[in-house]
A.B. asks: 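Take this structure, written in structure tokens, and hold onto it; I'll ask about it next.
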Protein chains: 2
Amino acid sequence: MTDEGAAPGMLRPGGRTARVRTAVLRAAEDALIECGFDGVDLAEIARRAEVGKTTVYRRWRTPQVLVADLLVDMAEQSVPRTETGSLDGDLRANARLVVRTLTDERQGVLFKAVIAAATTDQRTAEALHRFYATRIDEWSPCVDQAVERGEAPEGTDASEVVRAVSAPLYYRFLVSGDPLNETVADESAHAAACATRAGAYVRRSAR
Amino acid sequence: MTDEGAAPGMLRPGGRTARVRTAVLRAAEDALIECGFDGVDLAEIARRAEVGKTTVYRRWRTPQVLVADLLVDMAEQSVPRTETGSLDGDLRANARLVVRTLTDERQGVLFKAVIAAATTDQRTAEALHRFYATRIDEWSPCVDQAVERGEAPEGTDASEVVRAVSAPLYYRFLVSGDPLNETVADESAHAAACATRAGAYVRRSAR
DNA sequence: GTCATAACGGGACTCCAGTTTCATTTGCGC
DNA sequence: GCGCAAATGAAACTGGAGTCCCGTTATGAC
């Protein structure tokens, strides 16, 4: 092992390095929104970020890795959760937020690009999974509260319910291409609430 | 309209053209499975198909268009549907089939590649949507039969139920990265059945 | 069988994404 | 503020994906 005191090989994440990172991530986000994932060109991103292209290639190597880094950044920004006081209301609020995000001109394209990147690279996929794990954890409490209020059976797996709300929306977004709108959001939330009340999401260990 | 008898400009889809198409589609399928979508190289596919690369570039132009053509081909191959005699059983059979497909070494990679291609190209996306519309239509009858047996309420939207079974599975496959196995399949089918019985998928026009 | 031409194929060519080189700047420990 | 190495940047370089040209094959109408 090369274990020296004031060793070479130590990182130096101070001022400039951090500035370059944020500049490149911003440029990458813009580029993804404008061109989609396959339109991304690291040299072009370097130009936009006003950074040498060598730097971008050296630090991130591939578009996938850059997207993975962007996802780490995105996961840190939290979206406030609305509380309506009922399971149906909370799930509906969540479903509508998802639909608004996916149908938003900029965000929808960005999410498609990010998901496309994740299908072709394991590390990007892991970053994506962590991103959604974060989002799901943020919304789970509304199901736990419903359990406390007696709206849902004891032992209900909160994150499973939250996933059930999003799943049909992402299925339409990525796979079937069926329309996404507020009605669909409400129906998805309602179906999840029905299944929850029927005990479909009670953890097996608690049955 | 250019309606001539023995006109120039007419297609000639006979023997050789068709042979080249199937050879290239087979090679494309293999390449997608081995390298994923971003690893696809039209020249490489031409080599495998023992076809001039000029031909591949001329007829399909981009990997996305080639994948779209492959999807048209895949949509034509029908998968037999199992009938168990109960809504829960039929939906479970469907869910298990989907999980088996997505977790299969070859098919799973192929589906990821195809979905990735669809996120970056409109025409590929349309081919993908048609592919799933076909699959969903094939499974819808089992829900209609359940309605006839009185297991599900009158006016239930069969294709909506079938989508509801697949959605959580594809969500895990593409977005959250949570595990896919037979237990998950059964739970997804059960949740869809619960929501169906609760009337969550009754068409609005029929309520 | 004959002919016109759609479709294919080999190979040279182009162009640019990605790499390498090396000089310059800047963070950071003292 | 001094010095060293981490980090960046400009420019030259390279390899291969995609295009072009033009001769060859073989389909389908007669």
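Numbered from 1 within each chain, the chains take letters A, B, ... in sequence-line order.
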A.B. asks: Would you please name every residue forming a side-chain contact (heavy atoms from CB on, under 4.5 Å) with Ala23(B), sequence neighbours left out?
C.D. replies: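 Here the qualifying residues are Ala49(B).
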A.B. asks: Could you tell me which residues satisfy side-chain hydrogen bond (donor to acceptor under 3.5 Å, both in side chains) with Ser176(A), sequence neighbours excluded, listed by chain and number?
C.D. replies: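 Per chain and number, Ser176(A) pairs via side-chain hydrogen bond (donor to acceptor under 3.5 Å, both in side chains) with Asp178(A).
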A.B. asks: Can Lys112(A) be said to sit on top of Phe37(A)'s aromatic six-ring, NZ or CZ under 6.0 Å from centre and within 45° of the ring axis?
C.D. replies: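 No, Lys112(A) does not sit over the ring of Phe37(A).
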A.B. asks: Which of residues 27-58 of chain B sit near DNA chain C, with a heavy atom under 4.0 Å from it?
C.D. replies: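 The stretch gives Val51(B), Gly52(B), Thr54(B), Thr55(B), Arg58(B) as the residues lying under 4.0 Å from the strand, ordered by number.
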A.B. asks: For dG18(D), take OP1 and OP2 only and decide whether either is under 4.0 Å from a side-chain N or O of Arg61(B).
C.D. replies: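 Checking dG18(D) against Arg61(B), no side-chain N or O comes under 4.0 Å of OP1 or OP2.
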A.B. asks: Can you list everything that forms a side-chain contact (heavy atoms from CB on, under 4.5 Å) with Ala118(A)? Sequence neighbours excluded, please.
C.D. replies: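 If we apply the side-chain contact (heavy atoms from CB on, under 4.5 Å) test to Ala118(A), skipping adjacent residues, the hits are Thr124(A), Ala125(A), Leu128(A).
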A.B. asks: So what's the dot-bracket for DNA chain C: Watson-Crick or G-U pairs under 3.5 Å, [ ] if a pair crosses, | if it pairs off-strand?
C.D. replies: ||||||||||||||||||||||||||||||
A.B. asks: Provide, to the nearest angstrom, the distance between the CZ atom belonging to Arg16(B) and the P atom belonging to dT24(D).
C.D. replies: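 Checked: the CZ to P distance equals 14 Å.
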A.B. asks: Would you mind reading off the distance between Gln64(A) atom CD and dG18(C) atom C1', rounded to a whole angstrom?
C.D. replies: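 Checked: the CD to C1' distance equals 14 Å.
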A.B. asks: Hey, is Arg48(B) close enough to Glu50(B) for a salt bridge, meaning N to O under 4.0 Å?
C.D. replies: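 No, Arg48(B) and Glu50(B) are not salt-bridged.
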A.B. asks: Output all residues satisfying side-chain contact (heavy atoms from CB on, under 4.5 Å) with Glu29(B), sequence neighbours left out; order by chain, then residue number.
C.D. replies: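 Here the qualifying residues are Arg26(B), Ile33(B), Leu70(B), Arg106(B), Leu110(B).
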A.B. asks: Under 6.0 Å between ring centres, would you say that holds for Tyr132(B) and Tyr170(B)?
C.D. replies: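 That pair passes the under 6.0 Å test.
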A.B. asks: Take the protein atom CZ of Arg59(B) and the nucleotide atom P of dA7(C), then report the distance between them rounded to whole Å.
C.D. replies: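 Arg59(B) atom CZ is separated from dA7(C) atom P by 8 Å.
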A.B. asks: Could you walk me through whether Asp186(A) and Ser188(A) satisfy the side-chain hydrogen bond (donor to acceptor under 3.5 Å, both in side chains) test, starting with their C-alpha distance in whole Å, then the side-chain angles of each, then the deciding distance to 0.1 Å, before giving a yes or no?
C.D. replies: CA-CA 5 Å; Asp186(A) 292 354; Ser188(A) 177; over 6 Å; no
A.B. asks: Counting side-chain heavy atoms from C-beta on, which of dT27(D), dA7(C), dA7(D) comes nearest to Arg19(B)?
C.D. replies: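 Out of dT27(D), dA7(C), dA7(D), the nucleotide with an atom closest to Arg19(B)'s side chain is dT27(D).
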